[in-house]
Undergrad: 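Before I ask anything, let me first share the structure, which is written out below as structure tokens.
One is the number of the first residue; the rest follow in order along the sequence.
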Amino acid sequence: MSGSAGRTGDIGTRRTAGTPPAGPPPRPVIAALMLGMALAALDSTILATAVPQIVGDLGGFAVFSWLFSGYLLAVTVTLPVYGKLSDTFGRKPVLMTGIALFLAGSLACAGAWDMGSLIAFRVVQGLGGGALQGTIQTIAADLYPMKERPKIQARISTVWATSAVAGPALGGLLATYADWRWIFLVNLPVGGVALWLIGRHFTEPQRDRTKPAARPRVDWPGALAIFATGGLLLTALVQGGVAWSWLSAPSLLMFAGSAGCAALTVLIERRAAEPIIPGWVWRRRTISAVNLALGALGLLMVAPTVFLPTYAQSVLGLSPTAAGFVLSVMTLSWPVSAAFSSHVYNRVGIRTCSMLGMGAACLVLLSFLLLPYPGAAWQPALIMLALGAALGLSQLPLIIGVQSSVGYQERGTATASILFCRQVGQSLGAALFGALANATLNDRLAHAPSGIRPGLPGDLDAVSRALEHPGDLTAQATDYLRRAVDTTVDHVYLGAAAAAGLALLALLWAPRRFPVHTEAGGTGTGTGTGSGPGPGSGSGSDESGPRGT
């Protein structure tokens, strides 16, 4: 039976590590995963609308952006650490620790006495959020055979979509009619229920008892080196061009420090018995290609999420609520497309399905440049609807493909690596597109007609604020600024289309048939529908098993 093709889910019936349960997972466990993911998803949206009330109460307007940056940094740099810990000690203790840490941070945030303490407690929240995002995705892959994984992943996508729409409204309501501290306090009952359900109903599969038991070892020096590398790099990317100029001493020192820490990380990881980021993550074409593709996807996502609201308000003249709706329609089509993607990749294969989605995303992003000036709100909304459908078709098959190419004891690390690359891509995109936007806008302002040049604002934020009160400007100046913003966002979307092109190049490097790890410890190859047992060493390597054409 070696190398013979089989269907997804033909992974055996024994309940060993890496084997999904024979029946459907318990509903309380699924509910706990949804609640846990809701904590992480809401946290990124519910806080934004309450910032004015928070600043009014605590002060610290100059540093309030660290409410978001600090959380993002903590989540990103801890993802690979939690991935390795979940493979070493199991998913349950890591997830429960993450939820508990997130809730402790939430409670501390509710009691913050100034902006500095609130930022510090947000970092504590982020330390728990890294465990939530990575471990929940890994458990979802553990519980379902490959053929049924799109169902749970579509549910997770729905949680994110619902949070994107409901989060800002809920945050605004709590800040207006209660108190902004309730934004953090509402996490306690939700997380408490999730913690209780996981503790009572979630049972992990038994470990492989055929191998001699060994004392788990954690590469703490490697974890600290990764934390330092990611922290310095992401801080430089997030604050560069904002808190200091790109060529200033703080920026250059942070980039140099991150490069030095990266070199130190490589040395530590090569010598570690159980490295946090094992070398096989980058040696296997399947995982490394998907890491690069999702990093590019994270980069391109900055264009709609960061710059589209500015376009909708400054160019189209929409209110913040209406601008948010234009963006949120993307989250309506994304989970629908993700759920449908299994029907596509079961026919054409994971790589082809993802390339179709990413190619469509590239064309959709380019179509933004064809929008008329000033245009109508339904036009960018239609583009965002199409973009969500394209990205849903592209991202989910890649996640499922990577998770299915490794065994239970490698799945946490593999899942964390792709989420980590996507988060780094978002941070890199914010820096690159922010610099591109400012350069374009500065060029437009420098070439403004001499009659309106005096008194014009000097950066994108100042232009947006000026266009919120157009009565302070002449009609000619207002129209010129709106056209400048329109050109700026066009250039950003062109850059996002280039990022989609980079993702396509990365996918071309991926194997045509993704290997599928089997219960027996080997890997086969398939088009995305799975394969039966094939020869291999049990590592999930791309080189194991026959090659398909």
Undergrad: Verify, without hydrogens or angle tests, whether Y82 (side chain) and L95 (backbone) share a donor-acceptor contact under 3.5 angstrom.
TA: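 Flag not set: sc Y82 to bb L95 has no pair under 3.5 Å.
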
Undergrad: How many angstroms lie between CG in L143 and CG in L33, if you round to the nearest 0.5 Å?
TA: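 Taking CG in L143 and CG in L33, the distance rounds to 6.5 Å.
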
Undergrad: Spell out, as yes or no, whether a donor-acceptor pair under 3.5 Å connects the side chain of S394 to the backbone of A390.
TA: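 No, the answer is negative, given that no donor and acceptor are paired below the 3.5 Å cut-off.
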
Undergrad: If you take all heavy atoms of L387 and A361, which pair is closest and at what distance?
TA: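 Closest approach of L387 to A361, heavy atoms only: CD1-CB, 3.9 Å.
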
Undergrad: Can you check whether Q423's main-chain N or O pairs, donor with acceptor, with Q426's side chain at less than 3.5 Å?
TA: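 Side chain of Q426 to backbone of Q423: no pair is present.
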
Undergrad: Counting distance only, does the side-chain N/O of R351 pair as donor-acceptor with the main-chain N or O of L508 below 3.5 Å?
TA: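 A pair under 3.5 Å: yes.
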
Undergrad: Taking atom OG1 of T440 and atom CG of L445, what is their separation to the nearest 0.5 Å?
TA: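 T440 atom OG1 to L445 atom CG measures 10.5 Å (nearest 0.5 Å).
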
Undergrad: Spell out, as yes or no, whether a donor-acceptor pair under 3.5 Å connects the side chain of R91 to the backbone of T138.
TA: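 It does not hold such a pair.
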
Undergrad: Between D479 and R483, is there a side-chain N and carboxylate O pair less than 4.0 Å apart?
TA: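 Judged by the 4.0 Å cut-off on N to carboxylate O distance, D479 and R483 do form a salt bridge.
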
Undergrad: For the pair R422 and Q395, evaluate side chain to side chain contact (heavy atoms under 4.5 Å, CB included) and give the outcome as yes or no after the intermediate values.
TA: CA-CA 11 Å; R422 188 179 64 186; Q395 178 181 261; 2.8 Å; yes

Undergrad: Taking the side chain as everything from C-beta on, heavy atoms only, tell me whether I277 gets closer than 4.5 Å to S417.
TA: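 No; the side chains remain at least 4.5 Å from each other.
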
Undergrad: Does the side chain of V75 reach to within under 4.5 Å of the side chain of L127, using non-hydrogen atoms?
TA: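 Result no, sub-4.5 Å side-chain heavy-atom pair not found.
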
Undergrad: May I ask you to decide whether K84 forms a salt bridge with E410, counting only side-chain N to carboxylate O separations under 4.0 Å?
TA: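 Here K84 does not pair with E410 in a salt bridge, since their nearest N and O are not under 4.0 Å apart.
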
Undergrad: Which heavy atom of P380 sits nearest a heavy atom of L316, and at what distance?
TA: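 So the two residues come closest at CG-CD1, 3.8 Å.
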
Undergrad: With side chain to side chain contact (heavy atoms under 4.5 Å, CB included) as the test, would you mind laying out the steps for Y71 and V123 before giving the verdict?
TA: CA-CA 5 Å; Y71 180 86; V123 172; over 6 Å; no

Undergrad: For M37 and Q133, which heavy atoms make the closest approach, and how far apart are they?
TA: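 Looking at all heavy atoms of both residues, the shortest contact is CE-O, 4.1 Å.
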
Undergrad: Does L247 have more than 12 heavy atoms from other residues, nucleotides or ligands lying within 6.0 Å of its CG?
TA: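 At most 12 heavy atoms, drawn from other residues, nucleotides or ligands, come within 6.0 Å of this atom.
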
Undergrad: Tell me, do L308 and M384 make a side-chain contact under 4.5 Å, heavy atoms counted?
TA: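 L308 vs M384: side chains touch.
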
Undergrad: Main chain of V364, side chain of S367: is a donor-acceptor contact present, judged purely on distance under 3.5 Å?
TA: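 Judged by distance alone, yes, a pair lies under 3.5 Å.
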
Undergrad: Does D486 reach the main-chain N or O of R482 with its side chain, forming a donor-acceptor pair under 3.5 Å?
TA: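 Checked: no pair found.
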
Undergrad: At what distance, to the nearest 0.5 angstrom, does SG of C421 lie from CD1 of I287?
TA: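 With rounding to 0.5 Å, SG (C421) is 11.0 Å from CD1 (I287).
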
Undergrad: Once rounded to the nearest 0.5 Å, what's the spacing between atom OG1 of T76 and atom CG of L233?
TA: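 Here the interatomic distance stands at 10.0 Å.
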
Undergrad: Can you list the steps and then say if L297 with L294 is a side chain to side chain contact (heavy atoms under 4.5 Å, CB included)?
TA: CA-CA 5 Å; L297 185 146; L294 288 187; 4.3 Å; yes

Undergrad: Any donor-acceptor pair under 3.5 Å linking the side chain of T235 with the backbone of L232?
TA: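 Absent.
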
Undergrad: Under a 3.5 Å threshold, yes or no: a donor from one side chain and an acceptor from the other, between T415 and Q403?
TA: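 Short answer, yes.
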
Undergrad: Can you list the residues that meet the ring pair (Phe, Tyr, Trp, His ring centres under 6.0 Å) rule with F368, with sequence neighbours excluded?
TA: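 Here the qualifying residues are Y311, Y493.
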
Undergrad: Within the side chain of S337, is there an N or O that forms a donor-acceptor pair under 3.5 Å with the backbone of S333?
TA: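 Checked: no pair found.
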
Undergrad: Does a donor on one side chain sit under 3.5 Å from an acceptor on the other, for Y373 and D490?
TA: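 Side-chain D/A pair, Y373 to D490: absent.
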
Undergrad: Is the shortest side-chain heavy-atom distance between L398 and L507 below 4.5 Å?
TA: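 Yes - at least one pair of side-chain heavy atoms lies under 4.5 Å apart.
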
Undergrad: Please name the pair of heavy atoms, one in L419 and one in G134, separated by the smallest distance, quoted to 0.1 Å.
TA: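 Smallest heavy-atom distance, with atoms named: CD1-CA, 3.6 Å.
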
Undergrad: Which value, rounded to the nearest 0.5 Å, describes the distance between L385 atom CG and W334 atom CH2?
TA: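 Taking CG in L385 and CH2 in W334, the distance rounds to 13.0 Å.
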
Undergrad: Look at atom CH2 of W378 and say whether more than 12 heavy atoms of other residues, nucleotides or ligands are closer to it than 6.0 Å.
TA: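 At most 12 heavy atoms, drawn from other residues, nucleotides or ligands, come within 6.0 Å of this atom.
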
Undergrad: As an exercise, state the distance from CG of L504 to OG of S354, rounded to the nearest 0.5 Å.
TA: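 With rounding to 0.5 Å, CG (L504) is 10.0 Å from OG (S354).
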
Undergrad: So do the side chains of S405 and F514 get within less than 4.5 Å of each other, counting heavy atoms only?
TA: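 Side chain of S405 against side chain of F514, heavy atoms only: no contact under 4.5 Å found.
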
Undergrad: Could you report the tightest heavy-atom contact between V77 and G231, atom names first, then the distance?
TA: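 Smallest heavy-atom distance, with atoms named: CG1-N, 3.5 Å.
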
Undergrad: Stepwise, does the side chain to side chain contact (heavy atoms under 4.5 Å, CB included) test hold for V302 with V492?
TA: CA-CA 9 Å; V302 173; V492 170; over 6 Å; no

Undergrad: If we only count heavy atoms from C-beta on, is the C353 to L393 side-chain gap below 4.5 Å?
TA: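 With C-beta onward as the side chain, the pair touches.
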
Undergrad: How would you list, by chain and number, every residue that makes a ring pair (Phe, Tyr, Trp, His ring centres under 6.0 Å) with F340, sequence neighbours excluded?
TA: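 With neighbours one apart ignored, the set is H343.
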
Undergrad: Would you call L505 and L292 a side-chain contact if the rule is heavy atoms closer than 4.5 Å?
TA: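 A side-chain contact under 4.5 Å is absent here.
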
Undergrad: Under a 3.5 Å distance rule, please check whether R122 uses its side chain to pair with a backbone N or O of F68 as donor and acceptor.
TA: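 Here the side-chain-to-backbone pair does not exist.
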
Undergrad: Over all heavy atoms of both residues, which pair between V315 and P374 is shortest? Give the atoms and the distance, please.
TA: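 Taking every non-hydrogen atom into account, O-CB, 4.0 Å.
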
Undergrad: Just so I know, are the side chains of M358 and L300 near enough to count as touching, which here means a heavy-atom distance under 4.5 Å?
TA: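 Answer yes - side chains close enough.
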
